[in-house]
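Before anything else, here's the structure in question.
Note that the numbering runs from 1 along the sequence shown for the chain. No experiment lies behind these values; they were computed from the predicted model shown.
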Amino acid sequence: MGAAAIPIIQWGTALLAAGAAVQQGKEAQDYNEYLAKQSEADARTAKSAAEVEAMRIRKQRDKVRADAIATIAQSGVDVNSDTALRIDEQITRDSEEDAFLALAGGTDRVNRLGAEADGYRISGKQARTAGYVKAGTSLLGAASNNGRGWKRAGTAGGA
């Protein structure tokens, strides 16, 4: 193999490195897209879970209100009295606050997971760009080396 083969080897190595860099960037972007979609799925699940929890709280409220009304009626107090109505209002207020907090917590989780998905997508795009830059650097390095010649001054066999 003569000196003429050296530039071919250098270009082949540069092309291989460039291809590997592009592929690595694409795989990193694909993986980050997978993670983003997983975060979005988790966000949908969190939203549904919060809605189910709020519904459970409201159903429990209805049971507690019915039990309270029954207890008041059994004790001989008029269920339409101010005391009975205040107890009913307090039960409703407390349960609605709990339902609201469950929904707010779900919304917070949805927002955080959405931001996480955005971060994964940004990271994937950056990895893809880095792959292209690395590929370009490999090719430019090969071009530079071939432009100067394969022999360097001061090396063994160099001019």
Practice task
State, yes or no, whether a side-chain contact exists between Val64 and Gln60 at a heavy-atom distance under 4.5 Å.
Solution key: yes

Handout entry: Pair Arg112 + Asp108: basic N to acidic O under 4.0 Å
Key = yes

Fill in the blank from the handout: Of Val77, Val79, Ile72, the one forming a side chain to side chain contact (heavy atoms under 4.5 Å, CB included) with Ile87 is Ile72

Exercise for the section: Without swapping roles, check the side chain of Ser48 against the backbone of Thr45 for a donor-acceptor pair under 3.5 Å. Expected result: no

Handout entry: Leu113 side, atom CG; Asp118 side, atom CG - distance, nearest 0.5 Å
Key = 11.0 Å

Problem - Heavy-atom check, side chain of Arg58 versus side chain of Asp62, under 4.5 Å - result: no

Problem - Ile8 CD1 to Leu15 CG distance, which is reported to the nearest 0.5 Å - result: 12.0 Å

Problem - Cluster link Ile122 to Tyr120, ILVMFWY, side chain under 4.5 Å - result: no

Problem - Value rounded to 0.5 Å, distance of OG in Ser95 from CD in Gln90 - result: 10.0 Å

Problem - From OG1 (Thr137) to OH (Tyr132), nearest 0.5 Å - result: 14.5 Å

Exercise for the section: Could you tell me the separation between the CG atom of Asp42 and the NZ atom of Lys47, rounded to the nearest 0.5 Å? Expected result: 15.0 Å

Handout entry: Arg86/Glu89 salt bridge by N-O under 4.0 Å criterion
Key = no

Handout entry: Flag side-chain contact, heavy atom, 4.5 Å: Tyr31 against Glu27
Key = no

Completion exercise
Looking only at heavy atoms, the pair that brings Thr92 and Arg61 closest together is CA-CD, 3.9 Å

Problem - Spatial distance of atom CD1 (Ile69) from atom CG (Asn80) [nearest 0.5 Å] - result: 9.0 Å

Exercise for the section: Salt-bridge test for Glu40 and Arg121: reply yes if a basic N is under 4.0 Å from a carboxylate O, no otherwise. Expected result: yes

Practice task
Please determine, by modelled atom types, if Gln29 and Glu33 share a side-chain donor-acceptor pair under 3.5 angstrom.
Solution key: no

Practice task
Verify, without hydrogens or angle tests, whether Ser144 (side chain) and Leu140 (backbone) share a donor-acceptor contact under 3.5 angstrom.
Solution key: no

